[in-house]
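What follows is a set of notes on a single structure, which appears directly below.
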Number of protein chains: 2
Amino acid sequence: MPRSERHLANTQSPAHCDVDEAIAACRLRGAQMTPLRQAVLSALWSADRPLGAYDLRDRLAEECGRQIAAPSIYRTLDFLCEQGVAARIESLNAYVACVHSDHDHACVFLVCESCGDAVEIENQQVEQLINEDAKRLGFVVKHRVLELSGFCAPCQETS
Amino acid sequence: MPRSERHLANTQSPAHCDVDEAIAACRLRGAQMTPLRQAVLSALWSADRPLGAYDLRDRLAEECGRQIAAPSIYRTLDFLCEQGVAARIESLNAYVACVHSDHDHACVFLVCESCGDAVEIENQQVEQLINEDAKRLGFVVKHRVLELSGFCAPCQETS
DNA sequence: CATCAAACGCAACAATATATCATCGGTGCA
DNA sequence: TGCACCGATGATATATTGTTGCGTTTGATG
């Protein structure tokens with residue numbers, strides 16, 4: 001199920017949004033939402049799993065009829081991540097659209113080794129605990145990478 | 001300060017070990033500690049920051065007088081990570097020696113963007129919270145990636 | 001000492017990411 | 001209008017990181 005249909009199923013989580021809302025949010029912050037940036041974000045939203053930069057390039061190539069160069073893809077992804085509307089999953093070298101709309105939130109990704117999908121959850125408590133640890137050590141946190149790999153519920157049933 | 005001297009400074013944390021203890025622990029589990037594996041682990045212990053696979057190759061080349069091929073390095077690192085005596089830091093594409101001796105523990109790394117060093121901390125509470133979240137969603141966790149990037153205390157003073 | 005599996009070497013290659021410079025298009029301003 | 005500037009994108013090349021396949025060596029074990 002692509003991200004664009006999943007917010008209805010996830011009603012227990014707070015503050016979901018969709019592509020258009022994400023784009024609007026960026027615009028409100030004064031960010032330029034160029035055609036390329038919108039295209040990349042849409043591609044992430046319509047994907048059913050995290051996409052690598054080169055996957056994205058291939059998907060966009062089909063849509064646009066031309067090749068976007070790797071540096072453009074990476075620049076665009078960096079922008080979207082800074083805006084908080086996408087996130088990089090380090091353990092996959094891949095990117096997902098961010099379902100939670102806050103600009104600066106810590107999210108935890110559950111990455112399924114079988115189907116390859118990554119589900120984003122939010123946990124304020126974890127964030128708080130981690131911040132306390134960091135604070136105690138005098139460490140100033142700029143960015144959080146919280147990823148769990150394993151097997152999602154549907155994939156356990158089928159195996 | 002290299003890992004090999006740091007366990008004395010970190011007296012508040014539990015169950016620290018050094019290179020020799022780590023090697024002994026692997027042997028107890030029946031793992032073959034070959035010269036290459038010991039050399040790689042020692043190199044990680046004596047480093048003052050996480051090392052990339054190719055950094056490691058270069059360091060070993062100086063010591064051994066010959067080039068170890070990339071696949072050997074990666075195989076060795078995989079082995080050490082499985083044994084729990086080293087860990088991969090996804091956000092750096094690099095590896096560190098693991099200071100905590102438990103075979104299957106979740107550790108959080110504080111990665112300084114300035115000096116490049118990564119400090120390992122353990123937080124049972126975080127681990128527990130995350131496990132609860134995963135359990136609620138029917139997700140079976142196999143591996144955890146918990147990394148915070150930012151600035152460590154010493155680096156803040158100097159800037 | 002014979003056997004077997006695990007570890008290692010080697011060569012090629014694939015995937016991921018960045019550096020550098022050129023170009024394009026809008027914006028502000030004389 | 002003409003011009004200088006700036007951010008976004010294009011294009012090319014290259015760097016860095018990671019993998020595959022296969023043959024050889026090594027070391028534990030009977």
Side-chain angles (χ1 to χ4, degrees), chain A residues 23 26-27 29-41 43-44 49-61 63-83 85-96 113 116 145 147 149, chain B residues 23 26-41 43-44 49-61 63-83 85-96 113 116 143 145 147 149:
Chain A
I23 291 173
C26 293
R27 287 227 169 89
R29 285 190 289 268
Q32 276 188 54
M33 289 307 290
T34 64
L36 179 59
R37 288 169 176 178
Q38 293 188 42
V40 169
L41 188 53
L44 290 177
R49 60 182 176 81
L51 296 180
Y54 284 80
D55 290 339
L56 260 167
R57 187 188 59 166
D58 295 343
R59 296 205 176 195
L60 292 176
E63 283 180 29
C64 310
R66 68 190 177 85
Q67 279 280 352
I68 312 286
S72 294
I73 302 282
Y74 280 103
R75 277 187 299 236
T76 304
L77 288 168
D78 286 348
F79 168 86
L80 295 173
C81 290
E82 276 170 22
Q83 289 293 319
V85 293
R88 175 176 165 86
I89 299 189
E90 296 289 344
S91 54
L92 294 177
N93 295 335
Y95 299 81
V96 284
E113 293 175 17
V145 175
E147 304 168 8
S149 64
Chain B
I23 291 174
C26 293
R27 288 226 169 89
L28 276 180
R29 285 190 290 268
Q32 276 188 54
M33 288 307 289
T34 63
L36 179 59
R37 288 170 176 177
Q38 292 186 43
V40 170
L41 188 53
L44 290 178
R49 60 183 175 81
L51 296 180
Y54 285 80
D55 291 338
L56 218 38
R57 187 189 59 166
D58 296 343
R59 296 206 177 193
L60 292 176
E63 282 180 28
C64 310
R66 68 189 175 87
Q67 279 281 351
I68 311 286
S72 295
I73 302 282
Y74 280 103
R75 277 186 302 235
T76 304
L77 288 168
D78 287 348
F79 168 86
L80 295 173
C81 291
E82 276 169 23
Q83 290 293 320
V85 294
R88 174 176 166 85
I89 298 188
E90 296 289 345
S91 55
L92 294 176
N93 296 335
Y95 298 82
V96 284
E113 293 175 17
H143 183 66
V145 175
E147 304 168 8
S149 64

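Letters A, B, ... mirror the listed sequences (proteins, then strands); counts begin at 1.
One can place CG of D55(B) at 10 Å from P of dT16(D), the figure rounded to the nearest angstrom. dA8(D) atom P lies 15 Å from atom CG of L77(A), rounded to whole Å. The CD1 atom of I73(B) sits 17 Å away from the P atom of dT16(D) (whole-angstrom rounding). Summarising the geometry, the separation between CD on E90(B) and C1' on dG18(D) is reported as 12 Å, rounded to the nearest angstrom. Distance CG (D58(B)) to C1' (dT16(D)): 12 Å, rounded to an integer number of Å. The CG-P distance, from D78(B) to dT19(D), rounds to 7 Å in whole Å.
The heavy-atom pair separating M33(A) from R27(A) by the smallest distance is O-NH2, 3.6 Å. Contact detail for V85(B) and R29(B): the closest heavy-atom pair is CG1-NH2, 4.2 Å. Closest approach of A94(B) to P50(B), counting heavy atoms only: CB-CB, 3.7 Å. Of all heavy-atom pairs between L77(A) and L44(A), the closest is CD2-CD1, 4.1 Å. When every heavy atom of Q32(B) is checked against every heavy atom of R37(B), the shortest pair comes out as O-NH1, 2.8 Å. When all heavy atoms of A43(A) and L60(A) are compared, the closest pair comes out as CB-CD2, 4.4 Å.
Contacts of R57(A) with the nucleic acid, taken as non-hydrogen atoms under 4.0 Å apart, are absent.
Looking only at side-chain heavy atoms (C-beta outward), L36(A) and R75(A) stay at 4.5 Å or farther from each other.
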For nucleotides 9-13 of chain D, tabulate all protein N/O to nucleotide N/O atom pairs closer than 3.5 Å, reporting atom names and distance.
{"residue": "dT9(D)", "atom": "OP1", "partner": "T34(A)", "partner atom": "OG1", "Å": "2.4"}
{"residue": "dG10(D)", "atom": "OP1", "partner": "R66(A)", "partner atom": "NH1", "Å": "2.8"}
{"residue": "dG10(D)", "atom": "OP1", "partner": "R66(A)", "partner atom": "NH2", "Å": "2.7"}
{"residue": "dG10(D)", "atom": "OP2", "partner": "S72(A)", "partner atom": "OG", "Å": "3.4"}
{"residue": "dG10(D)", "atom": "N7", "partner": "R75(A)", "partner atom": "NH2", "Å": "2.9"}
{"residue": "dG10(D)", "atom": "O6", "partner": "R75(A)", "partner atom": "NH1", "Å": "3.4"}

Side-chain donor/acceptor pairs under 3.5 Å, residues 86-93 of chain B, sequence neighbours excluded:
{"residue": "R88(B)", "atom": "NE", "partner": "E90(B)", "partner atom": "OE1", "Å": "3.1"}
{"residue": "R88(B)", "atom": "NE", "partner": "E90(B)", "partner atom": "OE2", "Å": "3.3"}
{"residue": "R88(B)", "atom": "NH1", "partner": "Y95(B)", "partner atom": "OH", "Å": "3.0"}
{"residue": "R88(B)", "atom": "NH2", "partner": "N93(B)", "partner atom": "OD1", "Å": "3.0"}
{"residue": "S91(B)", "atom": "OG", "partner": "E147(B)", "partner atom": "OE1", "Å": "2.5"}

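You can see that DNA chain C meets the heavy atoms of chain B within a 4.0 Å-exclusive cut from dA6(C) to dA11(C), reading 5' to 3'.
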